[in-house]
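Written below as structure tokens is the structure these notes are about.
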Amino acid sequence: MNVLEQWTARVCAELGVDPALLDRDAVLDMTKDVAHGVARPAAPLTAYLLGLAQGAGTAPPDALARISALAEAWPKEQPGTMPEQ
């Protein structure tokens, strides 16, 4: 088990989250898309917002894909802006 797997298991246990409910790779891909398409600080904020929506039961089933698509489209929708690094 690598550090990321250990950390994920530890946090899931601490928060009472079933690790089987987590698609870690999809979350990491989504945060990478946000960090590169929007701004690095937007990645953890977006992950937190997704968690809030999931917890409230308002996140659509395809939320990760929709957020990634938003992040990829962001530079095209915001002419003249470059993703913040």
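Both backbone and side-chain heavy atoms feed into the values below; hydrogens, waters and symmetry mates do not. Worth saying up front: this structure is predicted, and the values here are computed from it rather than measured.
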Co-members of Leu21 in a cluster of I, L, V, M, F, W and Y side chains, linked at under 4.5 Å: none
Please examine the side chains of His36 and Lys32, heavy atoms only from C-beta on, and report whether any two atoms are closer than 4.5 Å. yes
Common cluster, Trp7/Val17, ILVMFWY with side-chain heavy-atom separation under 4.5 Å: yes
Taking every non-hydrogen atom, the tightest pair across Leu50 and Ala59: CD1-CB, 4.4 Å
Looking at OG1 of Thr46 and CG of Leu70, how far apart are the two atoms once the value is rounded to the nearest 0.5 Å? 9.5 Å
Output every pair passing salt bridge (charged side-chain N to carboxylate O under 4.0 Å, His left out) with a member in residues 47-74, not counting sequence neighbours, ordered by first then second residue. Asp62-Arg66
Under the salt bridge (charged side-chain N to carboxylate O under 4.0 Å, His left out) definition, can you give me all pairs with a residue in residues 48-59, not counting sequence neighbours? none
Filter on salt bridge (charged side-chain N to carboxylate O under 4.0 Å, His left out), then keep only pairs touching residues 47-57, sequence neighbours left out; what's left? none
Check side chain to side chain contact (heavy atoms under 4.5 Å, CB included) between Ser68 and all other residues, then give those that pass, not counting sequence neighbours. Met30, Asp33
Could you pull out all residues at least two apart from Leu52 that satisfy side chain to side chain contact (heavy atoms under 4.5 Å, CB included)? Tyr48, Leu49
For the hydrophobic clusters of this structure (ILVMFWY residues joined by side-chain heavy atoms under 4.5 Å, transitively), does one cluster hold both Ile67 and Leu22? yes
Heavy atoms only: give me the nearest Ala43-Thr31 pair and the separation to one decimal. CB-O, 3.4 Å
Close side-chain approach of Arg24 to Leu4, heavy-atom, < 4.5 Å: yes
Would the distance check show the side chain of Glu5 and the main-chain N or O of Asn2 forming a donor-acceptor pair, the cut-off being under 3.5 Å? yes
